[in-house]
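Sequence lines set the chain letters: A, B, ... in the order given, protein chains first and strands last, and positions in each chain run from 1. Values in this document were obtained by computation on a predicted structure and should not be read as measured data.
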Number of protein chains: 2
Amino acid sequence: MEAISYNRPSLTALLRRHGIAPTHQRLEIAQVLFGRCHHLSADQILARVNEQHAETSKATVYNTLNLFCDRGLIREVIVDPKRVFYDPNTDPHHHLYNVDTGEITDIHAGALSVSGLPELPPGMVTEGVDIIVRMRASSPSVG
Amino acid sequence: MEAISYNRPSLTALLRRHGIAPTHQRLEIAQVLFGRCHHLSADQILARVNEQHAETSKATVYNTLNLFCDRGLIREVIVDPKRVFYDPNTDPHHHLYNVDTGEITDIHAGALSVSGLPELPPGMVTEGVDIIVRMRASSPSVG
DNA sequence: GCACAAATTAGACAAAGTCCAATTATTGAA
DNA sequence: TTCAATAATTGGACTTTGTCTAATTTGTGC
Ligand SMILES: [Mn+2]
Ligand SMILES: [Mn+2]
Ligand SMILES: [Zn+2]
Ligand SMILES: [Zn+2]
């Protein structure tokens, strides 16, 4: 993962490097995404951005997340049919999904290897290979 | 995949084997699921079931799909953030997803192997490993 | 300041899915 | 059969996630 410090000047530079004008709202959203918690949903990001003082609308959060995805700053994680999660880590990696809690953890791609994938139909090219390990507590009620 | 013939008596038996009372609506839905096309969304199933003559409601389609999933008759495929697809094949296998067309194709698990998956946290157990290969036409506009 | 483009916004809208109270179908005992 | 009890189905209201649009605000350069 690209090493990123989470202060305004470096986030501003990060956006500029991806051809994105660094507005106040976009910086707030970037700060939430690249700050501590990974794998947040749009709703969670909206809430965090407006925690101290309301300053960003729902429309802008969605606009910005889609823009960041298009420009390759972040990527979507599709594991929960109810909502999309956004991942500031765009390096190839995979996910461990706790189906009970909804928590998502990274699986580094380094150690992992997949063999035996079929050839794609002619004219098709791989956009990505997503591996999701779904896990739950071994005994539903007890420990 | 369990070998299933798609006539009423065998579908009835299939439901009974899974502890599901075989009502008219459930049999219609099972017929659509286990008939030709795999990987259908709830909406597509609703449309097919009511193709000849309207006889099943949206609520029943959702109720039934959830019931079939709970009882292990079918499974969900989470690849498209907009809708869930339902898979009558519950054997371990993976999916090739055409991001342009939305088409989903099976990848048989036989040939495929994954190594280097991390250990799960204590007390956790794997519910499944989903591999999704996302592909698109190699050149966006031309062939 | 002024003009022009780009970004943001509130709120209407759309689609997927759930929920509920009322109706209808199924079951199985008499 | 008939009947009562139970289970399934239903229309439609509702919720949630996400998109769209027209109006406003902001930013930039002159
Ligand atoms: Mn702030
Ligand atoms: Mn029919
Ligand atoms: Zn991740
Ligand atoms: Zn499949």
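- Defined by atom type and a distance below 3.5 Å, a donor-acceptor pair is missing between the side-chain atoms of His108(B) and Asp91(B).
- To the nearest 0.5 Å, atoms CG (Asn50(B)) and CD (Gln25(B)) are separated by 9.5 Å.
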Without placing hydrogens or testing angles, list every side-chain donor-acceptor pair under 3.5 Å for residues 116-130 of chain A, not counting sequence neighbours.
unit_1, atom_1, unit_2, atom_2, d
Glu127(A), OE1, Arg136(B), NE, 2.9
Asp130(A), OD2, Arg134(B), NE, 2.8
Asp130(A), OD2, Arg134(B), NH2, 3.3

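- Looking only at distances, a side-chain donor or acceptor of Thr12(A) sits under 3.5 Å from a matching main-chain atom of Arg8(A).
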Next item on the list: Would you give a per-nucleotide map of nucleotides 12-30 of chain D, 5' to 3', where B means the base has a protein non-hydrogen atom under 4.0 Å away, S means only the sugar-phosphate does, and - means neither?
Entry: -B---SBBB----------
Next item on the list: Just do the side chain to side chain contact (heavy atoms under 4.5 Å, CB included) check on Leu96(B) and Ile104(B) with the steps written out, would you?
Entry: CA-CA 6 Å; Leu96(B) 191 57; Ile104(B) 299 170; over 6 Å; no
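- When the local axes at the two ends of the helix from dG1(C)-dC30(D) to dA30(C)-dT1(D) are compared, using 5 base pairs at each end, they differ in direction by 20° after rounding to 10°.
- Looking at every heavy atom in both residues, Arg75(A) comes nearest to Thr90(A) through N-CG2, 4.2 Å.
- Taking every nucleotide of DNA chain C with any atom under 4.0 Å from a non-hydrogen atom of chain A, the first and last of them, 5' to 3', are dA7(C) to dA12(C).
- The salt bridge (charged side-chain N to carboxylate O under 4.0 Å, His left out) search around Arg83(A) returns Asp80(A), not counting sequence neighbours.
- For the atom pair CG of Asp106(A) and NE2 of His95(A), the computed distance is 4.5 Å after rounding to the nearest 0.5 Å.
- Sorted by first and then second residue, the ring pair (Phe, Tyr, Trp, His ring centres under 6.0 Å) pairs involving residues 58-88 of chain A (not counting sequence neighbours) form an empty list.
- Side-chain contact check for Ser10(B) and Asn7(B): at least one donor-acceptor pair (N or O, by modelled atom type) lies under 3.5 Å.
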